[in-house]
Amino acid sequence: MSRIAPTFAALAASKKTALVTFITAGDPGPEMTVPLMHALVAGGADILELGVPFSDPMAEGPVIQRACERALKFNVGLGDVFGFVREFRKTNQSTPVVLMGYANPIERIGSDAFIAKAKEAGADGAIVVDYPPEECEEFASAMRASDLDLIFLLAPTSTPERIAQVARFGSGFSYYVSLKGVTGAGNIDVADVARRLAPIREHVKLPIGVGFGIRDGETARAVAQVADAVVIGSRIIQEIEATPKEQAVEAVQRFVAGIRGALDR
């Protein structure tokens, strides 16, 4: 078992909503990644999503695209990401870390090597945006065999067939993309999210995290009424962009603490 299921169980027992936070590995510089991971936890994040920089991040809006571009200027790749997780684990053995990215870097090293290296580094799972569940039975099984979770995206346009596949092969939690479009675009209609989650929950028995478009504590608190986890990414990257590098760790911790406070009110 990865750290994800026990984390959700502990939060549910405390009647708390999970806060899942995303940063891109290597942004704004490789030396900042592990300090930022610790800052997210210190601010109140329960699960970390660590983005693997990629040249063509099709699901990302301009904010995370820019983060990928900055990281790639430092030649940060999948091997570096494993290294960041390994370094993080030297002082944090409890917070789940999910690697989020695209198929190409995994295909380059091979799925078996990816799973072995992710496990050795201390990761707990992966979100591979362009791995459809219909084609992932073998990969999902291999991940589970190594106590790693394969987490799938669901969207307002997901068909009943897709939802059934996610229910069959997904583990850890499911990530509901609240908006049609890319990360960081638009504002969430919480009533619409609640309506669309109801039929999903009939099939998917995992915790459901909601992301894309959560920008402040008020929205996070509203989403928490209908979801098991609130996922924030682009807004954290914007905080990094707007802050001098030497102040980024403090700024990110402060922002996340504000979201955590809103969730816990």
Donor-acceptor pair, distance only, cut-off 3.5 Å: does the side chain of [X] make one with the backbone of [Y]?
X      : Y      : result
Asp124 : Val97  : yes
Arg221 : Arg265 : yes
Gln165 : Glu161 : no
Thr243 : Ile240 : no
Ser2   : Ile4   : yes
Thr7   : Arg3   : yes
Arg260 : Gly43  : no
Thr159 : Arg162 : yes
Thr219 : Arg215 : no
Ser14  : Ala10  : yes

With a 4.5 Å limit on heavy-atom distance, are the side chains of [X] and [Y] in contact?
X      : Y      : result
Val193 : Val223 : no
Asp80  : Pro30  : no
Val20  : Glu49  : yes
Leu99  : Val81  : yes
Pro53  : Thr24  : yes
Lys117 : Ile109 : yes
Ser234 : Phe212 : no
Val231 : Val210 : no

Give the cluster check for [X] versus [Y]: same hydrophobic cluster or not, with ILVMFWY residues linked at side-chain heavy-atom distances below 4.5 Å.
X      : Y     : answer
Leu72  : Phe54 : no
Ile232 : Leu11 : no
Met32  : Phe74 : yes

For [X], I'd like to know if atom [atom1] has over 12 heavy atoms of other residues, nucleotides or ligands within 6.0 Å.
X      : atom1 : result
Glu138 : CD    : no
Glu31  : CD    : yes
Glu250 : CD    : no

Do you know which two heavy atoms are closest between [X] and [Y], and how far apart they sit?
X      : Y      : value
Ile115 : Ala142 : CD1-CB, 3.5 Å
Pro207 : Gly172 : CD-O, 3.6 Å
Tyr131 : Cys136 : CB-SG, 3.5 Å
Pro156 : Ser178 : CG-O, 3.9 Å
Gly211 : Ile214 : CA-CD1, 4.3 Å

Working to the nearest 0.5 angstrom, can you tell me the gap between [X] [atom1] and [Y] [atom2]?
X      : Y      : atom1 : atom2 : value
Glu239 : Gln253 : CD    : CD    : 12.5 Å
Ile259 : Thr17  : CD1   : OG1   : 12.5 Å
Thr21  : Asp46  : OG1   : CG    : 8.5 Å
Arg196 : Asp192 : CZ    : CG    : 4.5 Å
Lys205 : Ile200 : NZ    : CD1   : 12.0 Å
Lys73  : Asn75  : NZ    : CG    : 12.0 Å

Derivation and outcome, side chain to side chain contact (heavy atoms under 4.5 Å, CB included), residues Leu36 and Thr33: CA-CA 5 Å; Leu36 283 169; Thr33 299; 5.9 Å; no
Test ring-ring contact (aromatic ring centres under 6.0 Å, His included) on Tyr175 and Phe152 and set out the steps. CA-CA 6 Å; Tyr175 186 158; Phe152 289 104; over 10 Å; no
Can you list everything that forms a ring pair (Phe, Tyr, Trp, His ring centres under 6.0 Å) with Phe84? Sequence neighbours excluded, please. none
Got a sec, which residues hit side chain to side chain donor-acceptor pair (under 3.5 Å) with Glu69, two or more places apart in sequence or on another chain?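 Applying side chain to side chain donor-acceptor pair (under 3.5 Å) to Glu69 gives none.
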Of the options Asp149, Ile47, Leu50, Leu48, which is the one that meets Val98 in a side chain to side chain contact (heavy atoms under 4.5 Å, CB included)? Ile47
Less than 4.0 angstrom from a charged side-chain N to a carboxylate O is my criterion; do Arg201 and Asp228 meet it? yes
Looking only at the side chains, is there a donor atom on one of Tyr102 and Glu60 sitting less than 3.5 Å from an acceptor on the other? yes
